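Each remark here refers to the structure printed beneath this line.
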2 protein chains.
Amino acid sequence: MDSKDLKSAGLKATLPRLKILTFLQSSPVRHMSAEDVYKAMLESGEDVGLATVYRVLTQFESAGLVTRHHFDEGHSVFELNLGEHHDHILCVKCGKVDEFTDQVIEERQHEIAKKQGYTITDHALVIYGVCPDCQNA
Amino acid sequence: MDSKDLKSAGLKATLPRLKILTFLQSSPVRHMSAEDVYKAMLESGEDVGLATVYRVLTQFESAGLVTRHHFDEGHSVFELNLGEHHDHILCVKCGKVDEFTDQVIEERQHEIAKKQGYTITDHALVIYGVCPDCQNA
DNA sequence: ATTATATTGAGAAAGATTCGCATTTGTATC
DNA sequence: GATACAAATGCGAATCTTTCTCAATATAAT
Ligand SMILES: [Mn+2]
Ligand SMILES: [Mn+2]
Ligand SMILES: [Zn+2]
Ligand SMILES: [Zn+2]
């Protein structure tokens, strides 16, 4: 039951929130826009307004349940937060999104921040390229 | 004369383009939104439409004269391309934008791309933090 | 079951960027 | 320098994503 997850996140266990959380947890696709989630809600019969999807995703983000990315200008992409931080590499041809972690890069960023006198709070790293599948085509 | 720069970039030397390029080249502020450029045009008396500013900046980007960034969702930021690649670190309090380059990070990204079978085309790295000035306040 | 409060849905509104099109400008030619 | 034609401009309308407003509804505690 996801109600527990919501409650412990300080959120009332409403139908729209349960529906959306369950969907995020069960979807094999990890990176989705608000519109993607909205369409999934429509298809599963459950009536959830688009505004509610946006609100809930934003609340989930504040609660740490979800992470928001800005891969392209123009719209946000969300993914269920599974704990471990990672960065992304994505295909400019087909839009595929892959993930990676690199401890060297992580450390280097902290050194850079320190050198410039910044207290680092976050970072966003996206590598753009052509994926293996799209190279032979 | 900037006409040369425009011509060699394959662009007709029109008044709006000259005005905008000259402004970018003379401004001490390196990172600006289309709106910023538009306002500067208004102040300098020259009448340039907002749509034209957007068009010209996009053309400059295609011509390699300018680089576009997406520091925050919701609007693009442009900077004159001075040749050497660099990444950014910016203050979440005051919005200051600083720059840096790190060869280790650059190389690591290529290794990651190779490891995943991608042909890397580009990347975007932004470190968010609190700048020195904003820490004692 | 009742109440007090938080949440929802629908459409309006906002903010950034692009489009459509009549008018103007740049440049190549005479 | 005048002429001609394609390219570029400016304006407002249109688009797209996201947020807001607010009356209606659902939730959690009593
Ligand atoms: Mn991810
Ligand atoms: Mn820069
Ligand atoms: Zn691909
Ligand atoms: Zn600051």
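What you are looking at is a predicted structure, and each value in this text was computed from that prediction instead of being measured.
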Applying salt bridge (charged side-chain N to carboxylate O under 4.0 Å, His left out), name anything that partners B:Glu35, two or more places apart in sequence or on another chain. none
Taking a hydrophobic cluster as the set of Ile, Leu, Val, Met, Phe, Trp and Tyr residues connected by side-chain heavy atoms closer than 4.5 Å, whether directly or through intermediates, do A:Phe100 and A:Leu82 fall within one such cluster? no
All N/O contacts under 3.5 Å from nucleotides 8-12 of chain D to the protein, with atom names and distances to one decimal?
from, atom 1, to, atom 2, distance (Å)
D:dA8, OP1, B:Arg17, NH2, 2.7
D:dT9, OP1, B:Thr14, OG1, 2.8
D:dG10, OP1, B:Asp47, O, 2.7
D:dG10, OP2, B:Gly49, N, 3.0
D:dG10, OP2, B:Thr52, OG1, 2.6
D:dG10, N7, B:Arg55, NH2, 2.5
D:dG10, O6, B:Arg55, NH1, 3.3

Counting any heavy atom closer than 4.0 Å, what does B:Ser76 reach on the DNA or RNA strands: base, sugar-phosphate only, or nothing? sugar-phosphate
In whole angstrom, give the distance that lies between atom CG of B:Leu57 and atom P of C:dT18. 10 Å
Has B:Tyr54 got a side-chain N or O lying under 4.0 Å from the OP1 or OP2 atom of C:dT17? yes
Residues that, via side-chain heavy atoms closer than 4.5 angstrom, fall in one hydrophobic cluster with B:Val104: A:Val104
Double-helix bend of the helix from C:dA1-D:dT30 to C:dC30-D:dG1, axes at both ends from 5 pairs, round to 10°, gives 40°
Could you tell me the separation between the CG atom of B:Asp72 and the P atom of D:dT18, rounded to a whole number of Å? 14 Å
Residue pair A:Thr119, B:Gln135: steps toward the side chain to side chain donor-acceptor pair (under 3.5 Å) verdict: CA-CA 8 Å; A:Thr119 300; B:Gln135 281 174 50; 3.2 Å; yes
Expressed in angstrom and rounded to an integer, what is the separation of B:Lys19 atom NZ from C:dG26 atom P? 14 Å
Are a donor atom and an acceptor atom from the side chains of A:Thr58 and A:Arg55 found within less than 3.5 Å of each other? no
From NE2 of A:His75 across to P of C:dT17 the rounded distance in Å is 15 Å
B:His70 has an atom NE2; how far is it from atom P of D:dT17, in whole Å? 15 Å
Separation of D:dC16 atom C1' from A:Glu35 atom CD, nearest Å, is 10 Å
Selection residues 112-137 of chain A - residue pairs positive for salt bridge (charged side-chain N to carboxylate O under 4.0 Å, His left out), sequence neighbours left out: none
Which pairs pass ring-ring contact (aromatic ring centres under 6.0 Å, His included) with one or both residues in residues 75-96 of chain B, sequence neighbours excluded? B:His31-B:His88, B:His69-B:His88, B:Phe71-B:His88, B:His85-B:His123, B:His86-B:His88
If you assign each of B:Ala13 and B:Ala34 to its closest nucleotide in DNA chain C, which residue comes earlier from the 5' end? B:Ala34
Expressed in angstrom and rounded to an integer, what is the separation of A:Arg68 atom CZ from D:dT19 atom C1'? 11 Å
Taking B:Glu73 first and then A:Arg68, would you say they form a salt bridge - that is, a charged N and a carboxylate O separated by under 4.0 Å? no
Pairing of B:Lys4 and B:Asp2 as salt bridge, 4.0 angstrom limit: no
Taken to the nearest whole Å, NE2/B:His69 to P/C:dA16 is 19 Å
